[in-house]
There are 2 protein chains.
Amino acid sequence: MARDAQATRERLVASARKAFSERGFERTTVREIAAEAGVNPALINRYFGGKEQLFAEAVSIDLAFPDLSGVARDRIGHALVEHFFRRWEGDAQDDLLRVLIRTAATNDEAASRIRGVLAEQVGMMVTRVAGPDRARERASLIATQILGLAYARYVIGLSDGDVAPQTAIAMIGGTVQRYLFDALP
Amino acid sequence: MARDAQATRERLVASARKAFSERGFERTTVREIAAEAGVNPALINRYFGGKEQLFAEAVSIDLAFPDLSGVARDRIGHALVEHFFRRWEGDAQDDLLRVLIRTAATNDEAASRIRGVLAEQVGMMVTRVAGPDRARERASLIATQILGLAYARYVIGLSDGDVAPQTAIAMIGGTVQRYLFDALP
DNA sequence: CGATGTTGTAAACATGTGTTTACTTACGGC
DNA sequence: GCCGTAAGTAAACACATGTTTACAACATCG
């Protein structure tokens with residue numbers, strides 16, 4: 001292994017995530033990604049086969065739900081919203097949920113990826129916390145609210161002045177709580 | 001006025017809306033728009049000055065909130081969600097909210113347009129229905145939920161199987177109701 | 001009917017971008 | 001220490017796409 005191909009690959013993936021999260025798929029050029037990684041654009045084709053495949057590789061998301069076993073049952077919704085805020089407030093500009101939200105608008109692969117995450121990860125979490133009864137519907141409802149929050153903040157650009165974190169955690173936490181436990185019609 | 005330039009303009013705007021709502025800004029080409037309108041691509045530049053300006057002209061949105069004066073105070077949230085569902089279930093493939101949601105992901109003009117709509121139209125509606133007290137925060141909270149619903153259905157592609165309209169109207173209506181009237185922290 | 005200006009078209013132009021090809025550079029085993 | 005192979009680069013290629021230019025068709029008015 002000469003001149004560390006592994007490290008170069010990883011740097012390309014990291015640059016790709018950052019770029020895609022800022023500008024989406026089409027507005028990001030392979031030249032930008034390569035420049036950010038300090039490397040030649042041709043390597044993207046050598047290592048990944050092309051822009052599409054690099055994207056697919058760069059986007060494998062793990063929502064990393066926190067351990068909710070110690071959380072009071074009537075505070076789970078709030079804890080979840082808090083979890084996402086902490087995730088987003090961090091300076092991880094390459095947060096994968098952000099990448100996907102921005103990219104899904106014009107890229108079917110990304111949209112499909114989000115559907116998968118909903119079905120698997122959110123569905124699992126709901127089942128564990130609230131039982132399997134209509135877990136899919138509950139997960140979808142929660143998704144509409146959490147995706148909407150992320151979209152409003154990071155795509156539309158709503159600021160803390162519009163939705164203060166404290167207010168959001170309280171109110172949207174209450175919403176998630178309802179979607180988890182309230183009776184569905 | 002020979003050979004009806006006005007009608008051609010309008011056909012171009014209509015084609016543009018449809019294309020932008022399906023594929024977003026960057027993935028839509030002026031040649032597609034012109035072909036759909038049955039006209040030469042050069043006319044886009046003649047009439048609008050370019051793709052950017054056509055987009056700006058194609059996207060002027062009016063949420064057209066229904067008259068809520070006859071609705072019981074505890075059913076306003078549900079009425080609003082029902083309003084949006086009716087709007088979307090119709091075959092208006094060129095619905096402007098859909099255009100904006102998809103395009104805002106990579107187009108600042110569209111994102112800014114949505115911010116304006118929130119501040120003006122949703123803010124006004126909230127003020128009229130619930131009074132001016134913290135109307136901006138309430139409007140933003142409502143926006144996160146409604147945008148998220150639209151995003152989940154039309155970008156991610158969640159189906160009626162994931163979020164049945166009936167369930168959504170009941171549960172999300174209740175959420176909007178809370179964001180309108182519940183005490184904020 | 002003919003002059004005129006508007007509407008529309010066809011083709012060329014300029015450029016940005018993903019990808020390929022041919023070449024150079026550096027590491028590591030013999 | 002040399003040499004083969006992997007890592008990296010530079011330049012060219014192919015093509016899509018927004019835009020411009022030169023020209024044709026057509027309605028309207030004198």
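Naming: A, B, ... by sequence-line order, numbering from 1 per chain. Computation of the quantities below employed the complete heavy-atom set of this structure, encompassing side-chain atoms and omitting hydrogens, waters and symmetry-equivalent molecules.
Atom CZ in B:Arg9 sits roughly 12 Å away from atom P in C:dG8 (whole-Å rounding). Separating the CG atom of B:Leu43 from the P atom of D:dC26 is a distance of 15 Å, rounded to the nearest angstrom. For the pair A:Glu10 CD and D:dA7 C1', the computed distance is 16 Å after rounding to whole Å. Going from atom CD of A:Gln6 over to atom C1' of D:dA6 covers 14 Å, rounded to whole Å. A straight line from CZ of A:Phe48 to P of C:dG18 spans 15 Å, rounded to a whole angstrom.
A:Glu26 pairs by the salt bridge (charged side-chain N to carboxylate O under 4.0 Å, His left out) definition with nothing, not counting sequence neighbours. Residues passing the salt bridge (charged side-chain N to carboxylate O under 4.0 Å, His left out) test with B:Arg11, sequence neighbours excluded: none. Qualifying salt bridge (charged side-chain N to carboxylate O under 4.0 Å, His left out) partners for B:Arg9, counting only residues two or more places apart in sequence or in other chains: B:Glu57. Applying the side chain to side chain donor-acceptor pair (under 3.5 Å) test to A:Asp182 and every residue at least two apart in sequence or in another chain returns nothing.
When the side-chain nitrogen and oxygen atoms of B:Thr8 are compared with OP1 and OP2 of C:dG8, one or more of them lie within a distance under 4.0 Å.
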For this session: Quick one, give me the B/S/- string for nucleotides 15-20 of chain D, reading 5' to 3', where B means a protein heavy atom under 4.0 Å from the base and S means that only happens at the primed atoms, P, OP1 or OP2.
Result: --BBBB
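Counting non-hydrogen atoms of neighbouring residues, nucleotides and ligands closer than 6.0 angstrom, the CD atom of A:Gln166 reaches no more than 12 such neighbours.
Across all strands, B:Tyr47 comes closer than 4.0 Å only to sugar-phosphate atoms, never to a base (heavy-atom distances).
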Under 3.5 Å, side-chain donor or acceptor atoms of residues 45-54 of chain A against the rest of the protein: list the pairs with distances, not counting sequence neighbours.
from, atom 1, to, atom 2, distance (Å)
A:Lys51, NZ, A:Phe25, O, 3.0
A:Lys51, NZ, A:Thr28, O, 2.7

